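Quick note: residue numbers are just sequence positions, from 1. Source: prediction; values computed, not measured.
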Amino acid sequence: VNVYVYSSGSVEAQKLLFGNTEEGDLLELFTDFFDTTIGNKKDSGSYKKIVEKIGVSPEEILFLTDTPEEATAASKAGLRSALVARDGNEELTEEHFQNFLVIESFGELFGDDDDEDYKRLEGEDNGEVDDEDEDEDDLGEEEEEPEDDEGEDEDDA
Ligand SMILES: CSCCC(=O)C(=O)COP(=O)(O)O
C-alpha cells in the first residue's frame, strides 16, 4: 500500500513533522506529500490533480480526513473517502454516518467483507446517501461461557 499525505500544512512542515516523531523518522513510510499549493482541500479539482500525479485510477485511492467537506470533495473526484472521528472535532451528523464510513482507528479499515459499514467504501455509493437501513440480527452466533469452576479439587499442603 502506498501512503500519501495531503495536508493544509506545507510539504516542508509535513516532512519536519513525520521526520521527527516520538517513534523516530517515519518519512520512508510515505510515498509522496501534497499540500494546498495543488489546491484547496475542499475543492474536488485538487483531488483530480493528485490522482493525475499519483497515476492510478481514483477509485483505487482511499482518502482519510476528519473534515466532511473534504471527504465530499474527494468523493466527487471519484476517490473513496472515509471520515476519521477525532476528539475535539465538530460532532458528525447522522448524514455523515450515512454517507461515509467513519473510523476512529486505522485498524478499522481492515474490516470484514460482510460488514455493512465497510461495504460503504466499496460501492459506487461511497459519498452518497444510502437509504437502505437494514438491521439484521446475527443468526446463531454462539458465545462460549466459561465453565463454573466449583467443585474443583485442590490438594491442601
Ligand atoms: C489521516 S486521518 C486524520 C485526518 C486529519 O486529521 C486531517 O485531514 C488533517 O488535515 P490537515 O489539512 O489539517 O493536515
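Under a 3.5 Å cut-off, the side chain of T21 and the backbone N or O of F18 do not form any donor-acceptor pair. Distance alone, capped at 3.5 Å, is enough to place a donor-acceptor pair between the T93 side chain and the H96 backbone. For the pair T65 (side chain) and T67 (backbone), a donor-acceptor distance under 3.5 Å is present. Side chain of K49 to main chain of G39: no donor-acceptor pair is present (N/O by atom type, distance under 3.5 Å, no hydrogens or angles). A distance-only check finds no donor-acceptor pair linking the side chain of E59 to the backbone of R80 [under 3.5 Å].
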Candidate pair K42 and E70, rule salt bridge (charged side-chain N to carboxylate O under 4.0 Å, His left out), full reasoning: CA-CA 5 Å; K42 295 180 182 171; E70 293 177 4; 6.0 Å; no

Would you check, one step at a time, whether the test side-chain contact (heavy atoms from CB on, under 4.5 Å) holds for I61 with V56? CA-CA 8 Å; I61 301 175; V56 300; 3.7 Å; yes

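No hydrogens or angles considered: a donor-acceptor pair under 3.5 Å links the side chains of S75 and S81.
Side-chain atoms of N2 and I54, non-hydrogen and from C-beta on, never get closer than 4.5 Å to each other. N20 is not listed as a side-chain neighbour of D25, based on a closest heavy-atom distance of 4.5 Å or more.
Of all heavy-atom pairs spanning D35 and Q14, the tightest one is CB-NE2, 3.8 Å. Summarising the geometry of L92 relative to A85, their closest heavy-atom pair is CD1-CB, 4.3 Å, with the distance given to 0.1 Å. For the pair F63 and A71, the tightest heavy-atom approach, listed with the atom from each and the gap, is CE2-N, 4.4 Å. Across every non-hydrogen atom of A77 and K48, the tightest pair is CB-CG, 3.8 Å.
At least one cation-pi condition fails for K53 and F34: the charged atom is not both under 6.0 angstrom from the six-membered ring centre and inside a 45 degree cone around its axis.
With ring centers used as reference points, F30 lies under 6.0 Å from F33.
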